[in-house]
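Down below is the structure, laid out as structure tokens.
Quick caveat, the model's predicted, so the values are computed rather than measured.
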Amino acid sequence: MKRVATLSALACLLAVTAAAPAVSDAPAARGGATPAARGKASALDTVPRRGVLRVCTTGDYRPFSHRDPKTGTYSGVDIKMAEDLAKSLGATPRYVATTWAGLVGDLSAGRCDIAMGGVSVTLPRARSVYFSEPTRTDGKTPIVRCADKDTYQTLRQIDRPGTKVIVNPGGTNEEFARAHLKQATLTVHPDNTTIFDEIIAGRADVMMTDASETRYQAKIHPELCALHPDKPFSFSEKAYALPRGDNEFKAYVDQWVHLATHDGTYRTYEDAWMK
């Protein structure tokens, strides 16, 4: 209750600030004039008025976002967070289906107010969208059949002729694999919800993905082992993507994330999937 009251007070303060007259004609930092200065309302105001928070999410990335193909319902760590964010704004979440290749474009085109679901912060993405305060750190690491766990510990061991590496299309997993593999055979599998079955069946040997995903998949597939998830090959952060230029909404979401990652809320949701 205390956190909800804090966020409500922050929303009021930011709304008043947005309504105040500008004191300068200079563009706002990071992306030019704010929505209010351009005559376009901030999502901090439009979402409560609409009563709906539109959330772009891929629905194919457990533990963060999963769409049940039978019921169409969404679940995951970031789905719970989306429910909380919407509630703090007096709204309900509406999920907008997107893909990893189309996520930034959908958000930039105004099809949603925020993108959530295990989104990694990258500089190319940051040229088009804002990112919130991070929710967690992560990095690319292998997941393999447990029988092969000593064979694919390093990038050098993985990048050999005959090694079958599999990735999902359009995101940072594919980018990482293409940047680091020169000799291994790389296959792009279109369905991220069934990609780990390819490894179990022996049609692929390795997938390099975020350590958080390898932990979760190893939990639900005893045949698979996450390799050194505490020491991944790379460093990255997860965050929520926001419309570029909407500084008021970004300030609110930053504060909301900060509170959720420090009062145990985010950890509770993550533990429900990861432990």
Side-chain angles (χ1 to χ4, degrees), residues 56-67 69 76-78 97-106 115-125 136-149 151-221 223-229 231-239 241 274:
C56 277
T57 192
T58 62
D60 67 351
Y61 187 17
R62 290 179 290 186
F64 300 104
S65 171
H66 173 67
R67 183 182 182 274
V77 178
D78 283 341
T98 189
T99 64
W100 290 110
L103 183 146
V104 167
D106 285 341
M116 306 175 74
V119 181
S120 295
V121 178
T122 70
L123 291 178
R125 287 173 176 169
R136 71 180 333 271
T137 59
D138 223 325
K140 304 302 179 187
T141 207
I143 184 168
V144 304
R145 291 180 296 276
C146 291
D148 297 332
K149 64 181 181 180
T151 305
Y152 301 114
Q153 290 283 328
T154 67
L155 277 169
R156 185 174 181 180
Q157 288 176 313
I158 293 169
D159 191 22
R160 291 176 176 175
T163 302
K164 296 174 289 186
V165 178
I166 195 166
V167 294
N168 57 309
T172 56
N173 290 339
E174 183 179 5
E175 290 174 6
F176 182 85
R178 293 194 183 282
H180 292 87
L181 301 181
K182 307 302 178 186
Q183 301 182 74
T185 300
L186 182 64
T187 299
V188 178
H189 185 75
D191 185 359
N192 200 40
T193 62
T194 62
I195 197 167
F196 299 95
D197 296 332
E198 297 296 297
I199 303 174
I200 294 171
R203 292 186 288 271
D205 300 313
V206 183
M207 180 178 181
M208 291 181 289
T209 184
D210 295 317
S212 52
E213 186 176 31
T214 67
R215 285 191 176 99
Y216 174 75
Q217 292 295 334
K219 173 185 173 182
I220 64 173
H221 297 298
E223 309 95 323
L224 299 180
C225 284
L227 304 187
H228 49 77
K231 295 182 179 180
F233 293 145
S234 63
F235 170 83
S236 67
E237 293 177 315
K238 301 291 188 196
M274 307 279 278

Criterion side chain to side chain contact (heavy atoms under 4.5 Å, CB included) against Ile199, the qualifying member of Val165, Leu224, Val206: Leu224
Do Arg67 and Thr58 come close enough that some side-chain heavy atom pair is under 4.5 Å? no
First locate atom CD1 of Ile166, then atom CZ of Phe196, and finally report the distance between them rounded to the nearest 0.5 Å. 9.5 Å
Check the angle between the aromatic planes of Trp100 and Tyr61 and answer parallel, tilted or perpendicular using the 30° and 60° thresholds. perpendicular
What pair of heavy atoms forms the shortest contact from Phe235 to Thr137, and how long is it? CE1-CG2, 3.9 Å
One should read off an interatomic distance between His189 NE2 and Arg203 CZ, to the nearest 0.5 angstrom, of 8.5 Å
Within-4.5 Å side-chain heavy-atom neighbours: Pro142 and His228: yes
Going by heavy atoms in the side chains, are Phe176 and Thr172 under 4.5 Å from each other? no
Under 3.5 Å: donor-acceptor pair, side chain of Arg145, backbone of Ala201: no
Knowing that exactly one of Thr209, Asp210, Thr214 qualifies, which makes a side-chain hydrogen bond (donor to acceptor under 3.5 Å, both in side chains) with Lys140? Asp210
4.5 Å side-chain heavy-atom contact, Phe64 and Met116: no
Value for OG1 (Thr185) from NZ (Lys164), rounded to nearest 0.5 Å, stands at 9.0 Å
Least distance between heavy atoms, Pro229 atom then Ala211 atom: O-CB, 3.4 Å
Result block: side-chain N/O donor-acceptor pairs under 3.5 angstrom for residues 118-125, not counting sequence neighbours:
{"residue": "Ser120", "atom": "OG", "partner": "Lys238", "partner atom": "NZ", "Å": "3.0"}
{"residue": "Thr122", "atom": "OG1", "partner": "Arg125", "partner atom": "N", "Å": "3.2"}
{"residue": "Arg125", "atom": "NH1", "partner": "Ser120", "partner atom": "O", "Å": "2.8"}

What I'd like to find out is whether the side chain of Asp197 reaches to under 4.5 Å of the side chain of His221, using heavy atoms alone. yes
Between Asp78 and Ser65, is there a side-chain donor-acceptor contact under 3.5 Å, judged purely by atom types and distance? no
To the nearest 0.5 Å, how far apart are OG1 in Thr194 and CG in Asp60? 10.0 Å
NZ (Lys149) with more than 12 external heavy atoms under 6.0 Å: no
Drop me the distance from Thr98's OG1 to Asp106's CG, to the nearest 0.5 angstrom. 3.5 Å
Considering non-hydrogen atoms only, spot the tightest contact between Arg215 and Met274 and give its length. CB-CE, 4.2 Å
From Leu186 CG over to Met208 CE, what is the distance, rounded to the nearest 0.5 angstrom? 8.0 Å
Restricting to non-hydrogen atoms, name the atom on Ser212 and the atom on Pro63 that form the minimum distance, rounded to 0.1 Å. O-CD, 4.2 Å
Any pair with a residue in residues 174-196 that passes salt bridge (charged side-chain N to carboxylate O under 4.0 Å, His left out), sequence neighbours left out, goes on the list, sorted by first then second residue, please. Glu174-Arg178
Using a 4.5 Å cut-off on heavy atoms from C-beta on, say whether the side chain of Asn168 contacts that of Met207. yes
